[in-house]
Amino acid sequence: MSTLFLASVGIEHFLTVGALLFCLGLMIALGKRNAIGVLMGVELMLNAVNLTLLTFSRFSESDRPIAGQTFVAFIITVAAAEAAVALALAMSVYRNRETVDVDQINLLKS
Amino acid sequence: MDGSGPVVAFWLLAAVTLVAAGGVLVSRNLLHAVLFLILAFIGVAGHFVLLSAEFLAMAQVIIYVGAISVLLLFAILLTPRAGRDNGETKAFPVGALLAVALAAVFLFVINDTNWKTVSESPALAPEALGEALLTSWVLPFEIASVLLTAALVGSIMLARTAEEEAEDALA
């Protein structure tokens with residue numbers, strides 16, 4: 001099992017990398033204090049999802065094999081839009097509060 | 001995927017990607033974290049090449065490594081008094097526990113499932129992606145361009161100062 005696991009690369013290997021990358025991104029997104037750090041975690045999670053989608057697109061039998069790649073292209077587009085809006089929000093918060101730490105932005109806390 | 005070339009490439013890329021993602025987690029300086037993030041993006045682009053998605057690998061390099069990383073660096077440099085500390089909140093142990101539990105579930109499912117896979121890669125030239133985008137998925141394609149325009153205008157509206165808004169009102 002172990003020699004075979006190392007000698008040839010299959011769907012499990014790519015899915016494992018995707019899963020570990022997603023969980024690292026989740027850890028960063030949930031734990032970081034700086035809002036820009038949180039955004040980095042979100043970007044890593046999006047990358048992991050793209051990797052997983054492409055893995056299934058490559059290893060699965062399908063009538064339309066290009067569909068998975070098209071989906072990833074749209075995710076990259078939406079991720080770019082999300083990053084631009086999120087960083088503009090960070091700038092706006094910084095201008096008003098002089099901080100981008102997510103645990104300091106607590107205006108709604110009574 | 002057999003043969004020593006792709007296998008060695010996979011393990012190298014997997015190591016680079018995951019170590020760089022770990023670097024984003026542990027580095028204390030936000031600027032170092034962005035540099036690690038760029039390395040992780042490049043590693044993911046390499047995986048895309050291994051999965052025979054060459055066009056998306058190039059798009060990944062241009063959009064993530066080129067544009068989003070520069071955007072992140074801009075945001076860090078334009079918030080100078082917010083500090084460059086990449087520390088964790090009090091909620092980090094809970095989040096880490098959640099992520100580790102999720103990773104355990106994922107790894108169990110991945111290794112336990114009997115995946116039905118095709119051995120040979122479907123032959124997909126970049127032209128096929130372009131043709132699909134402009135025939136089957138032309139409506140989502142147009143919606144994506146509207147979304148990008150809206151995001152661009154929205155970011156400019158959010159990021160400009162009150163003085164700039166007042167100047168625009170006078171003009």
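So that the names make sense, note that chain A is the first sequence line, chain B the second, and so on, each numbered from 1.
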Between Arg58(A) and Phe48(B), is there a donor-acceptor pair closer than 3.5 Å when you use the side chain of the first and the backbone of the second? no
When the 4.5 angstrom heavy-atom criterion is applied to Leu78(B) and chain A, the contacting part is both
Minimum heavy-atom separation for Val24(B) and Met40(A), please, with both atom names. CG1-SD, 4.1 Å
Engaged part of Ala29(A) at the chain B interface, taking heavy atoms whose separation is under 4.5 Å: neither
For the residue pair Thr79(B) and Ile36(A), what are the closest heavy atoms and their distance? OG1-CD1, 4.1 Å
Give, as side chain, backbone, both or neither, the part of Leu102(B) having an atom under 4.5 angstrom from any heavy atom of chain A. both
Heavy-atom proximity to chain A below 4.5 Å, by part of Pro80(B): both
Under 3.5 Å, is there a donor-acceptor pair between the side chain of Tyr64(B) and the main chain of Ile76(A)? no
Part of Val34(B) within contact of chain A (heavy atom distance under 4.5 Å): both
Of the listed residues (Leu30(B), Val94(B), Leu98(B)), which shares the most heavy-atom pairs with chain A below a 4.5 Å separation? Leu30(B)
Using non-hydrogen atoms and a 4.5 Å limit, figure out which bit of Ala67(B) sits close to chain A: side chain, backbone, both or neither. neither
Identify which part of Arg64(A) has an atom lying under 4.5 Å from any heavy atom of chain B, answering side chain, backbone, both or neither. side chain
With a 4.5 angstrom heavy-atom cut-off, is it the side chain or the backbone of Val78(A) that approaches chain B, or both, or neither? both
Which portion of Leu107(B) sits near chain A, non-hydrogen atoms under 4.5 angstrom: side chain
On the 0 to 90° scale, with breaks at 30° and 60°, tag the Phe10(B)-His13(A) ring pair as parallel, tilted or perpendicular. perpendicular
Side chain, backbone, both or neither: which part of Trp137(B) has a heavy atom under 4.5 Å from chain A? both
